[in-house]
Amino acid sequence: MDALIPIVEKLRCGGRIDAAEALALWQDAPLWLLSELAVAAKQRVSGDKVYYNRNFHLEPTNVCTFECKFCSYRRRAGQDGAWDYSLEQVLDIVRQRKDSGATEIHIVGGVHPTHDLYYYADMIAHIKQIMPQAAIKAFTAVELNIMIDRAGLTTAEGLALLQRAGMESIPGGGAEIFDADIRRQICPQKGSAEQWLSLHRTAHGMGIDSNATMLYGHIDGLSHRVDHLMRLRELQDSTGGINAFIPLKYRSANNELSYLGETTITDDLRTLAMSRLVLDNVPHIKAYWVMYGKQTTELALAFGADDIDGTIDDSTKIYSMAGAADTAPTMSIEDIHRICSNAGFRAVERDTHYNEI
Ligand code: V47
Ligand code: SF4
């Protein structure tokens, strides 16, 4: 514990810790200390506020040509449990939610064998016609890299096409864990860390902001998590385009890594706090309530999170298929306010870019 004193002092003065210091803190600091440091860091950025938005997810298809070992969601075309909505079916979902008050539509799916960049640009343009007031936050860097590559365009050209159609922001998925060896074992077909980082870097340069994630609690170790956070901090130092970081807890139902089971809630809380402490340049740390469940989300607010995501309105299947408690995830505005105030904070509605509403 004595060895941690200079690190703790540095953090209390708002200083930046390096990888070795982060690892030492992660391994040895008591839970109460991580909570205290992370809440102090959160309060410097967002005071007593905890952000949420009104949103829904669109998952046009779970048909995917990749075989990530942690994924419970993907199916082959025609396989039991596969869905592959037509454009009209996707637009019907949007029409049904047109007057829901949602300010954001989060779109992700599988790496589809045939749907291409032009198909998705057209989809976004049609969605914008139905809900011009909603921001489109669409496609993981992995999906984007594949569709842009297949179209034979540069990243900037492909992103510009989607931006013109109405895409404003990029969600944080596909980052998994940046370490090449772990990545090879859990998601061999996904591009490299450099490809993920490079797409986000290009997007930021074009005024498209983004989120970042880290999938943890499978075969990763703490040093892999520190390395992941350091690479994101470096990107953020140079672009400033990351709005929020979301640590994603590996959920173990119905996938090839099920035998690993799941990590503990204390590991989740330590990971949130360390994310806040290492990512001193990322303004928001999101406790994604769909993944943790509502009770743990309340606890997460005592570990540096200042965002809990949105109302969702039972529109995502990624986590319920992987064993999350809510099989039909939906959160009322009253629930959001209750969770935040129970944790000692004030719920504030935001838009996709964290402007307060
Ligand atoms: O990249 C897939 C993860 C991600 C499992 O940007 C799993 O606001 C845990 O990125 N256990 C997609 N995680 C979801 C995502 C996301 C979610 C919420 C908010 C935002 C945002 C982004 O889901 C994938 C992968 O890392 N994932 N399977 C699983 N079994
Ligand atoms: Fe496909 Fe995404 Fe699942 Fe990987 S995580 S198998 S890319 S749907």
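In this text, all values refer to a predicted model and were calculated from it rather than measured experimentally. Start at 1 and go down the list; that is how both ligands and their atoms are numbered. The basis for the numbers below is simple: all heavy atoms, side chains too, and nothing from hydrogens, waters or symmetry mates.
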Pick one of side chain, backbone, both or neither for how Tyr73 approaches ligand 1, counting any non-hydrogen atom pair under 4.0 Å.
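No part of Tyr73 comes within reach of ligand 1.
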Min N/O separation [X] to ligand 1 under 3.5 Å:
| X | result |
| --- | --- |
| Lys137 | yes |
| Leu215 | no |
| Thr213 | no |
| His57 | no |
| Leu248 | no |

Answer yes or no: is there a donor N or O on one side and an acceptor on the other, between the side chain of [X] and the main chain of [Y], under 3.5 Å?
| X | Y | value |
| --- | --- | --- |
| Gln236 | Ile242 | yes |
| Ser46 | Gln43 | no |
| Arg225 | Met214 | no |

Residue selection (non-hydrogen contact nearest [atom]) among [options]:
| atom | options | answer |
| --- | --- | --- |
| atom 18 (C) of ligand 1 | Tyr216, Phe70, Trp196, Tyr288 | Tyr288 |
| atom 26 (O) of ligand 1 | Met291, Glu176, Met321 | Glu176 |
| atom 19 (C) of ligand 1 | His218, His106, Lys190 | His106 |

For [atom], what is the closest protein heavy atom, and at what distance to 0.1 Å?
| atom | answer |
| --- | --- |
| atom 4 (Fe) of ligand 2 | Cys68 SG, 2.3 Å |
| atom 11 (N) of ligand 1 | Arg251 N, 2.8 Å |
| atom 6 (O) of ligand 1 | Gly172 N, 2.8 Å |
| atom 9 (C) of ligand 1 | Lys249 O, 3.1 Å |
| atom 7 (C) of ligand 1 | Tyr319 OH, 3.5 Å |
| atom 5 (S) of ligand 2 | Lys190 NZ, 3.5 Å |
| atom 1 (Fe) of ligand 2 | Cys64 SG, 2.3 Å |

At a threshold of 2.8 Å, where the distance has to be below it, does atom 3 (Fe) of ligand 2 have an N, O or S atom of Cys71 nearby?
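For Cys71, the answer is yes, given that an N, O or S atom comes within less than 2.8 Å of atom 3 (Fe) of ligand 2.
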Please check if any side-chain donor atom of [X] sits under 3.5 Å from a side-chain acceptor atom of [Y], or the reverse.
| X | Y | answer |
| --- | --- | --- |
| Asp84 | His112 | yes |
| His284 | Asn243 | no |
| Asp351 | Asn355 | yes |
| Asp220 | Tyr250 | no |
| His200 | Ser210 | yes |
| Ser100 | Arg54 | no |

Out of all atoms in ligand 1, which are within 4.0 Å of some heavy atom of [X]? Include the element for each.
| X | answer |
| --- | --- |
| Pro171 | 6 (O) |
| Asn211 | 6 (O), 8 (O), 21 (C) |
| Asn255 | 30 (N) |
| Ile246 | 6 (O), 8 (O), 20 (C), 21 (C) |
| Gly174 | 1 (O) |
| Gly173 | 1 (O), 10 (O) |
| Lys286 | 8 (O), 21 (C) |

Please work out whether the ring planes of Tyr73 and Trp83 are parallel, tilted or perpendicular, with thresholds of 30° and 60°.
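The rings of Tyr73 and Trp83 stand perpendicular, inter-plane angle above 60°.
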Do the rings of His337 and Tyr52 sit parallel, tilted or perpendicular, given the 30° and 60° boundaries?
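The arrangement is perpendicular - the two ring planes meet at more than 60°.
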Per-atom contacts of ligand 2 with Phe70, taking only distances under 4.0 Å to non-hydrogen atoms
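It comes down to these atoms of ligand 2: 5 (S).
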Under 4.0 Å from any heavy atom of Tyr73, which atoms of ligand 2 are there?
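Counting atoms of ligand 2 from 1, those under 4.0 Å from Tyr73 are 8 (S).
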N-O pairing of Glu21 and Lys10 below 4.0 Å:
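Looking at Glu21 and Lys10, the cut-off is met.
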If you count heavy atoms of other groups shown closer than 6.0 angstrom to CG of Leu222, is the number above 12?
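For Leu222, atom CG is crowded (more than 12 foreign heavy atoms under 6.0 Å).
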Does Gln89, at its CD atom, have more than 12 non-hydrogen atoms belonging to other residues, nucleotides or ligands within less than 6.0 Å?
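Yes.
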Let's go through Thr140 and Glu143 carefully: what are the C-alpha distance in whole Å and the side-chain angles of both, what is the deciding distance for side chain to side chain donor-acceptor pair (under 3.5 Å) to 0.1 Å, and is it a yes or a no?
CA-CA 5 Å; Thr140 66; Glu143 291 166 88; 3.1 Å; yes
